[in-house]
Amino acid sequence: MAQLSLDTKTHRGIVIPDDWPGYCLDLFTYPKHYSGDLDCVYIPHGVIMDRTERLARDIMDDLGDHDIVVLCVLKGGHQFCADLVERIQVLNRNSKRSLLMTVDFIRLKSYMNDQSMPDLQMIGAESLSVLAGKNILIVEAIVDTGKTLHTLLSHIQTFKPKLIKVASLLVKRVPNQSVCLPDYVGFEIPNLFVVGYALDYNEYFRDLNISGSRAAEDVKCRRFHLHLNLISPSSHLHLIPLHCKFFIRTLCLNK
Ligand SMILES: O=P(O)(O)OC[C@H]1O[C@H](OP(=O)(O)OP(=O)(O)O)[C@H](O)[C@@H]1O
Ligand code: HPA
């Protein structure tokens, strides 16, 4: 893992500036039940896929001809992990080098609403002893405060793996972030709350195609809370209490 201060040209991934407004929602299709809940399309799905393809190649260049255990951090990391593994499989079929992969899962949860809670739950940690002596690629959707990754790395290191690499689709520019930068970063984003592509707000938005009466009921409750947060920066931000000053951005709507 590189230190935060090591800022090479590509190590931060695609850097999205603070003033990036995203794309207007009306330019995309999205389920009607999310209308009114979303601010903009922040990173279109196709861009995520193209960037993931390049990350897969970088991983293959670094780790090709090794055996690795891909450790997917649930729940948020499941979509990125599936797409990244698929891209590596394509390279396995089409290049001279190959990467033998097994995939494992661990669940870490600390967020309520848009806030990281002091209590971090780790589910599935018991089975990590199988990682002893292995090459591990942790696949995470987002590094925000860095607490989740830091806790996971400390835990895994106790099993004495041979090598640990980390791939994260997103890294947030957060003041005083205390974690090392992942080895493979898709995008560096401003300090905004983003949803979609398996990233949630209280379990909503992971799958933008949710349907059914129970989901519809829940969505109504959630809308009540989210409306506060969806005012665009140029309108009435100053009227919102400080703790609500964040924006829900949609990573990707079209899949
Ligand atoms: O860098 P941090 O501030 O620790 O935040 C990053 C973590 O937050 C989210 O997990 P969450 O706790 O929401 O659980 P989930 O993946 O099940 O949604 C996300 O999937 C990351 O694992
Ligand atoms: O911006 C975010 N969105 C969704 N989940 C998260 N977990 C940490 N940060 C985020």
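Starting from 1, each residue takes its place in the sequence as its number. Counting convention: from 1, in listed order, for ligands and their atoms alike.
From the protein, the heavy atom lying nearest to atom 9 (N) of ligand 2 is D144 OD2, 2.7 Å. Nearest to atom 8 (C) of ligand 2 among the protein's heavy atoms is Y111 CZ, 3.3 Å. For atom 2 (C) of ligand 2, the closest non-hydrogen atom of the protein is F193 CE1, 3.4 Å. The closest protein non-hydrogen atom to atom 1 (O) of ligand 2 is K172 NZ, 2.8 Å.
Heavy-atom contacts of L199 reach the following atoms of ligand 2: 4 (C), 5 (N) (cutoff under 4.0 Å).
Both F159 and L108 are assigned to one and the same hydrophobic cluster, defined by single-linkage of ILVMFWY side chains at heavy-atom distances under 4.5 Å. Linking Ile, Leu, Val, Met, Phe, Trp and Tyr whenever their side-chain heavy atoms come within less than 4.5 Å leaves V90 and V85 in two separate clusters. One hydrophobic cluster, built from ILVMFWY side chains closer than 4.5 Å, holds both I16 and Y184. In the hydrophobic cluster analysis, where Ile, Leu, Val, Met, Phe, Trp and Tyr join through side-chain heavy atoms closer than 4.5 angstrom, I123 is grouped apart from L71.
Heavy atoms from both the backbone and the side chain of V194 come within less than 4.0 Å of ligand 2. Counting heavy atoms closer than 4.0 Å to ligand 2, residue Y201 contributes nothing at all. Proximity of L192 to ligand 2, defined as any heavy-atom pair under 4.0 Å, is confined to the backbone N, CA, C and O atoms.
With respect to the salt-bridge test (charged N to carboxylate O, under 4.0 angstrom), the residues D58 and R54 qualify.
When the options L137, D183, I156 are evaluated for a side-chain contact (heavy atoms from CB on, under 4.5 Å) with I164, the one that passes is I156.
Residues R57 and R87 form no side-chain contact, since every pair of their non-hydrogen atoms from C-beta on lies 4.5 Å or further apart.
At least one heavy atom of D200 sits under 4.0 Å from some atom of ligand 2.
Without hydrogens or angle criteria, R97 side chain to D61 main chain gives a donor-acceptor distance under 3.5 Å. No side-chain donor-acceptor contact under 3.5 Å links D67 to the backbone of L100.
Listed as neighbours of ligand 1 are L74, K75, G76, R107, L108, K109, S110, Y111, E140, I142, V143, D144, T145, G146, K147, T148, D200, R206, each bearing a heavy atom under 4.0 Å from the ligand.
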For F187 and I48, what are the C-alpha separation, side-chain angles and deciding distance, and is it a side chain to side chain contact (heavy atoms under 4.5 Å, CB included)?
-> CA-CA 9 Å; F187 302 84; I48 293 178; 4.3 Å; yes

